[in-house]
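Read the structure below first, then the notes.
On a predicted model such as this, the values are computed, not experimentally measured, just so you know. The basis for the numbers below is simple: all heavy atoms, side chains too, and nothing from hydrogens, waters or symmetry mates. Here is the naming used below: chain letters follow the sequence lines, and residue numbers restart at 1 for every chain.
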Amino acid sequence: MKKLTILIISLGLAVGVKAQSELTLPFMSDVFQSSYINPTVLPEHTFSLGLPGVSSMYGQFISNGFLPKNIIDFKNDTAHIVPDKLLAELTDKNLLLAYTSLDIFHLRLKIRNGYYWFGVRNNFNVSFQYPKDFLSLALEGNKSFIGKNLDLTNLNLDATLYNEYSFGMALEYNRWVFGGRISLLQGLSNVQFNPENLTIQVDSSMYGHTMNANARLNMAGIPMNGAGDPNFDHAQELDYITNYLSNFKNKGVALSVGATYKLTDRIKFSASFYDLGFISWKDSVTNYNLKGQSEFSGLDILQSYLNGSDIETDTIIDSILDDFDRDTIHQAYKTYLKPKFNVSVSYNLFRRTILGFSASGVYNKKLYPAFTLGISQGLGRFLNLIANISYNQKTFNNLGVGLVIKPGPFQFYVIADNVYPAINPLYTTNGNIRVGMNIVFGRVKPAVGLPYR
Amino acid sequence: MKTRLLKWLGVLLIGLTGCYDYSSLDNIVIDRFTPEYVFPLLKSEITFKDLAEKEGTNSVVEQHPGSNMYFLAYRDTIDLGLATDLFPISSVSFPDNTLDFGAALTPGFTSFGPITIPFNQAYTAIPGAEIKRVDFTGGIIRITLTNTFSHRIDASISLTSLKNSSGVTHPPINFSPLNAGQTLVRDVDLNGYYLDLLELPNTYNNIKYSATATITSSGNPSLLGNVTIGIAINSPEYQQITGKITYAYNHTDQPYSIGIFNSTILAEQHIAEPKFSLNFINSFGLPSNVNFTRLEVENINGVIPITHEGPNNPGDLLIGSPNTLKNATPSKLCDTTKLVLTSSNSNIENIFDVAPNSLSFGATFNIGDAADPSHDYFVRNDSKFELQSEIEIPLKGWVVTNKIADTVLNVEWPDFKNDLNLTNQEFRIKFKFNNGLPLNMYLQIKFLDTNGALVTQLFDADSEQLIKSSPVDPESGESTGKSLSYSYIAIDEAKYNQMALSQDMIIIFKFTTGGTLHQNITIQSSDAIAIEMSLEASGTVKPKPF
């Protein structure tokens, strides 16, 4: 447990981003969940069923602000996190991400030359983008910003909880496979802070602070009290939970499309995009706006002090806030999923040995690319192994592995894009794992034994 | 080929997945770091009026009409010698009088009378006074008649002295029938009536009344008995007492606080043209005077008397001899007498050199004049001396030294090292003064241990100049501009650790006037000082290990 805590702490001081592409999953076409990345994958079985809670559980973290090894010194059996080195690593946009996805149900069937499926899953992500100045303020103080601009504009937060109801299909047509998935998104909760401007200037004479803000905090699906403030007192009541989970007023859609071309029996090219969509938040929406400029050069309290009057700090704070245009409104807004793509080529080296290369990425204000070289090896009728290495989140040390075991109709699998956190956490900026069990049967192709039998 | 590939794959896996020694992460600490923060704390502009005038006190800072010069005034109003205290009238029961038919009654009489007998009753409402009249707003006259005859009496009492506001005597009070052995009581409300106590030509304090009675035989042969008449005045409340009244009232001590020098511990200063004035608003309708038995100021070094100097001029506040006070008349509810001590008729200009923190006096008020034959003077129930005092200190003068000390007891010093894991802390308070006041200001803070011994002090020197005086016009002593200055108070860890050993602090504030030595400066209403204060703080944070 301590190692886990250490690992988490060493990976991030801050927050989270949007879900990153999964890099190993596309190499596991036998598993239904690979269709999340590429809807054109053709499985080995005509039937796949996912049951709630066991079909797939996915967790992911990313901290791309720094590489742990670059900020830690080892002295006298102690790992020293060196603040100066940490600051040297950070840029004006550093991301922290926590993402989970839990499959609730899926059913996939092969009908003639097509595969059709329906699935439901729950997604939760918390992403936080922080600028270097944010940590500089804590570690160095604000003195270093005298005469400069303390820019917190890149301080963003986005937390979303939603359910995804998908219908998908993949069709073979000569050498082509075309696939797609359309999803109805049920937005449950969202908190979004994405300022257009958030800066502080520190005057060099008497250190007056001038704050400029143009920011909006959007919230939807957050329980509120009668005064309109967030309050979770009733969030555990059955009525509230029932209403919450059955609320379809915050709807959205997402689209996934892909195509695969089989150049030869050994070479395939594939391209897909997914998570192209949005959620329109219309119900239980609150927007807090802050816009304007305020200068704080010290409290004008000397008269009150000399007169022995009470100093009303609330009034003083209010007067500073009054410099800003502030309002609380209830206006619908949209949040967009972070679109992702995957382009790959695979080569059947041997009958059950496949080499593959993929380029994938996610667009979250800027493109976060990843490149993966992987190999898949089938061993007997019940076992499949995948290994890959990726350049992802500024590092090459992303060793991905996958394992599929299928005793009878049960298809167990575990996939991780980067096992390096377990191998050497100091070289880790990201990690994820997906585990689950599907029920599959009805082989499309004849069973194949061990390659060396 | 297949075998070779699988071997390479195995090598690659092993190469990339060498075991990591997690024990190297058993101990993780964040290295010390030293943040440096700057904060603006204060930005205010204040005038001398703001500095000197405090809510809840009697001090005000004002200007005389047509003048731009400030003066500091301590004003107070007190009521002295309330008539209801000096001249209370209390309940009184007069001796009984007897109505006796005497020899007029003979055995076998059937009826006799009516007969009327007048009475006079001395009434000394105010001891020593010759009262002509008392006007009432409350109280009663109680008349008690007791018949000791064995026969019926029909009687009435006429209170001849009791008249209404129109001068009409109160109607007779009927006591019929007053049966044998019976006692009857009658009350007369005094509100709206007055007692005419003058028996012409020159007898005062006299109540006149008469009794009229008829006796009717009951058939009892006894002729013994009488009718006794008892009169009492109960709970009287007067509106006015008229007559010849004299009274000497001693007010032994009347102090006034002079707040501006309250905390001064050392002063070499001079205030030009101060003034002490008293307004006596006299609502007694009697000739009055006040004789000050003492008038003095006090500071931490002792008492200094204020004396009148030079010839006695009208309006001078005389000390040791009577000051005549105007009095109320029937047409004037009160009259005001103003008595003043100034730099030209007293030593008052010198007494502020010692930075007194209080002024006090004792006085005797003489009310009424025994030599005056008039009996038309009066006291109302609300008569009093309303005394309005004003100590006026013009903000004009010079200060070579004025040290003010305030003590802060039982200071609780934060333990930065243990509570906040903070070491090497340094603080610097930065001041920016834009001073339009012709005053230099200095600061020192002394830190004392539990025994009162000096532990350390903020500045090594006697005191550190914080604020520089504005430029001063050599002729008028007025401020001619503003002086911009920066001052700093720096406290490093060593200094703080010394300070933290102390229990109490004495804050010593010194100010002097600008311009040349002993040059009178003048503080004007337009003079102000802008103060900005910021804090620079740094320290080494040592986070606790994970």
Side-chain angles (χ1 to χ4, degrees), chain A residues 2-3 5-7 9-10 72-74 76-86 137-146 202-203 205-209 296-303 305-309 349-350 353 375 377 387 389 397 399 401 419-420 422-426 451-452, chain B residues 1-3 5-6 8-10 12-13 15-47 49-57 430-432 486 529 531-539 541 543 545-546:
Chain A
K2 185 176 181 182
K3 288 179 181 174
T5 307
I6 290 167
L7 191 60
I9 293 170
S10 68
I72 294 178
D73 285 347
F74 288 92
N76 303 324
D77 297 329
T78 300
H80 293 256
I81 298 172
V82 183
D84 288 346
K85 291 186 174 182
L86 171 64
L137 186 62
L139 296 173
E140 293 184 328
N142 63 348
K143 190 173 182 179
S144 59
F145 292 97
I146 291 174
V202 183
D203 156 62
S205 173
M206 294 303 289
Y207 316 132
H209 285 50
F296 177 69
S297 300
L299 302 171
D300 188 4
I301 56 169
L302 203 50
Q303 280 191 4
Y305 173 75
L306 291 171
N307 284 327
S309 309
L349 197 58
F350 304 112
T353 305
I375 183 168
Q377 178 64 58
I389 186 164
N397 296 312
L399 180 65
V401 295
V419 295
Y420 222 80
I423 299 164
N424 191 341
L426 300 182
Y452 299 105
Chain B
M1 182 65 181
K2 291 178 187 173
T3 308
L5 273 173
L6 284 173
W8 277 112
L9 180 62
L12 180 66
L13 283 169
L16 290 171
T17 61
C19 290
Y20 184 79
D21 179 12
Y22 271 94
S23 66
S24 65
L25 296 176
D26 281 349
N27 302 310
I28 297 180
V29 296
I30 297 176
D31 266 3
R32 297 177 183 197
F33 57 98
T34 306
E36 296 177 287
Y37 287 99
V38 292
F39 303 106
L41 298 176
L42 177 76
K43 185 177 184 180
S44 288
E45 180 165 307
I46 52 171
T47 63
K49 184 180 173 77
D50 300 322
L51 272 171
E53 198 170 86
K54 303 254 168 62
E55 282 181 9
T57 68
K430 182 178 182 181
F431 294 95
K432 178 184 177 183
Y486 290 85
I529 180 170
I531 301 174
E532 290 183 64
M533 183 168 77
S534 300
L535 175 68
E536 299 172 3
S538 66
V541 181
F546 293 109

So which of A:H209, A:M206, A:E140 has the largest heavy-atom pair count under 4.5 angstrom toward chain B?
A:M206
I would like to know whether A:I146 and B:V38 meet side-chain contact (heavy atoms from CB on, under 4.5 Å); could you show each step before the answer?
CA-CA 9 Å; A:I146 291 174; B:V38 292; 4.1 Å; yes
Contact origin within B:E536 toward chain A - heavy atom pairs under 4.5 Å:
side chain
Sequence neighbours left out, what passes ring-ring contact (aromatic ring centres under 6.0 Å, His included) with B:Y486? Give chain and number order.
none
Heavy-atom cut-off 4.5 Å, strictly under: side chain, backbone, both or neither for B:L42 against chain A?
both
Less than 4.5 Å apart, any side-chain heavy atom of B:I46 and any of B:I529?
yes
Heavy-atom distance under 4.5 Å to chain B: side chain of A:F296, backbone, both or neither?
both
Applying side-chain hydrogen bond (donor to acceptor under 3.5 Å, both in side chains), can you list everything that pairs with B:S534, at least two apart in sequence or on another chain?
none
